[in-house]
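The model shown is predicted, which means the values in this text are computed figures rather than measured ones.
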Amino acid sequence: MNNEDAVNQVLADYYKAFSTLTVQSILRYFHQPALLIGPSGVIALPTAEAIVPIFGPVMESLRQREYRRSEFSLQQLRVLSSTSALAMGMAVRYKTDGQEMERVGLTYLLHKGDSGWKFAVMALHDTDKVAPSN
């Protein structure tokens with residue numbers, strides 16, 4: 001499997017794990033340390049344990065809003081080197097009735113180490129920033 005295919009597989013596997021709304025199932029997808037950049041600023045995730053209080057409440061909120069699953073709509077993927085890749089797209093979240101709940105713009109910077117590709121930086125952003133510029 002080439003690096004592009006491997007990154008695509010990690011993204012697909014992560015979204016399948018995230019859709020379970022079990023925070024423990026996503027921990028292995030994060031490089032240690034990692035950074036989360038979002039509306040509240042930059043959050044350092046130095047350990048797997050640091051991910052739990054950040055993603056746990058997000059998952060609980062989704063559960064209360066009748067969330068069913070997420071898919072990642074990949075808009076751009078660039079393998080920058082043998083150990084780094086940039087993936088930009090949108091998380092599309094669906095409710096239990098199949099209706100679209102929301103879209104969230106996301107850009108991932110992944111690092112490839114001994115245990116494969118993992119998220120080193122996850123940046124949430126507006127969905128209108130996702131399309132590649134011409």
query = Mind checking what makes side chain to side chain contact (heavy atoms under 4.5 Å, CB included) contact with Ser81, not counting sequence neighbours?
reply = Thr83, Ser84
note = Taken in chain and number order and not counting sequence neighbours, the residues that satisfy salt bridge (Lys or Arg N to Asp or Glu O under 4.0 Å) with Arg68 are none
remark   = Residues passing the side chain to side chain donor-acceptor pair (under 3.5 Å) test with Tyr67, sequence neighbours excluded, are Ser19, Ser70
Atom pair CD1 (Ile43) and CD1 (Ile51), whose distance is rounded to the nearest 0.5 Å = 11.5 Å
inquiry  = Under 6.0 Å between ring centres: does that hold for Phe30 and Phe55?
reply    = yes
ask   = With clusters built from Ile, Leu, Val, Met, Phe, Trp and Tyr whose side-chain heavy atoms come within less than 4.5 Å, directly or transitively, what are the remaining members of the cluster of Leu109, listed by chain and number?
value = Leu35, Ile37, Val42, Leu80, Leu86, Val121
request  = Kindly compute the distance separating CE (Met90) from CG (Leu74), expressed to the nearest 0.5 Å.
outcome  = 10.5 Å
request  = Go through the structure and list residues passing salt bridge (Lys or Arg N to Asp or Glu O under 4.0 Å) with Glu100, not counting sequence neighbours.
outcome  = Arg103
request  = Could you list the residues that satisfy side chain to side chain donor-acceptor pair (under 3.5 Å) with His125, not counting sequence neighbours?
outcome  = Thr107
message = Suppose we screen for side chain to side chain donor-acceptor pair (under 3.5 Å). Which residues come up paired with Lys112, at least two apart in sequence or across chains?
response = Asn3
ask   = Hey, does Thr127 have a side-chain heavy atom less than 4.5 Å from the side chain of Val104?
value = no
Check residues 4-11 and write down every donor-acceptor pair under 3.5 Å in which the side-chain atom is one partner and the other belongs to a residue at least two apart or another chain.
residue: Asn8; atom: ND2; partner: Glu4; partner atom: O; Å: 3.3
residue: Gln9; atom: NE2; partner: Asp13; partner atom: OD1; Å: 2.8

inquiry  = Going by the rule salt bridge (Lys or Arg N to Asp or Glu O under 4.0 Å), which residues pair with Glu60 if we only count those two or more places apart in sequence or in a different chain?
reply    = Arg63
task = Tell me whether Val79 is reachable from Tyr14 by hopping between hydrophobic residues (I, L, V, M, F, W, Y) whose side-chain heavy atoms are closer than 4.5 Å.
result = no
request  = Measure across Pro53 and Ala50 and return the closest heavy-atom pair with its distance rounded to 0.1 Å.
outcome  = CD-O, 3.4 Å
request  = With sequence neighbours excluded, tell me which residues meet salt bridge (Lys or Arg N to Asp or Glu O under 4.0 Å) with Glu66.
outcome  = none
query = With no hydrogens and no angle check, do the side chains of Gln75 and Ser73 hold a donor and an acceptor under 3.5 Å apart?
reply = yes
ask   = Would you call Thr22 and Met59 a side-chain contact if the rule is heavy atoms closer than 4.5 Å?
value = no
inquiry  = I want to check something: taking the side chain as every heavy atom from C-beta on, are Val92 and Arg69 in contact at a cut-off of under 4.5 Å?
reply    = no
inquiry  = Using the rule that Ile, Leu, Val, Met, Phe, Trp and Tyr join whenever any side-chain heavy atoms are under 4.5 Å apart, tell me whether Tyr94 and Val58 fall into a single cluster.
reply    = no
task = Please work out whether the ring planes of Tyr15 and Phe72 are parallel, tilted or perpendicular, with thresholds of 30° and 60°.
result = parallel
inquiry  = If we ignore hydrogens and angles and just use 3.5 Å, is the side chain of Asp97 paired with the main-chain N or O of Gln99 as donor and acceptor?
reply    = yes
message = Just to verify, what does Thr96 make a side chain to side chain donor-acceptor pair (under 3.5 Å) with, not counting sequence neighbours?
response = none
ask   = Hey, what do you get for CZ (Arg93) to CG (Leu62), rounding to the nearest 0.5 Å?
value = 5.0 Å
message = Membership question, hydrophobic clusters at under 4.5 Å side-chain separation (ILVMFWY): are Leu106 and Met88 in the same one?
response = no
task = May I have all residue pairs that pass side-chain hydrogen bond (donor to acceptor under 3.5 Å, both in side chains) and include part of residues 24-43, sequence neighbours excluded?
result = Thr20-Ser25
message = For Ile26 versus Ala17, what's the shortest heavy-atom pair and its separation?
response = CG2-C, 4.0 Å
task = Write down the atom of Gly56, the atom of Val23, and the distance for their closest heavy-atom approach.
result = N-CG2, 4.1 Å
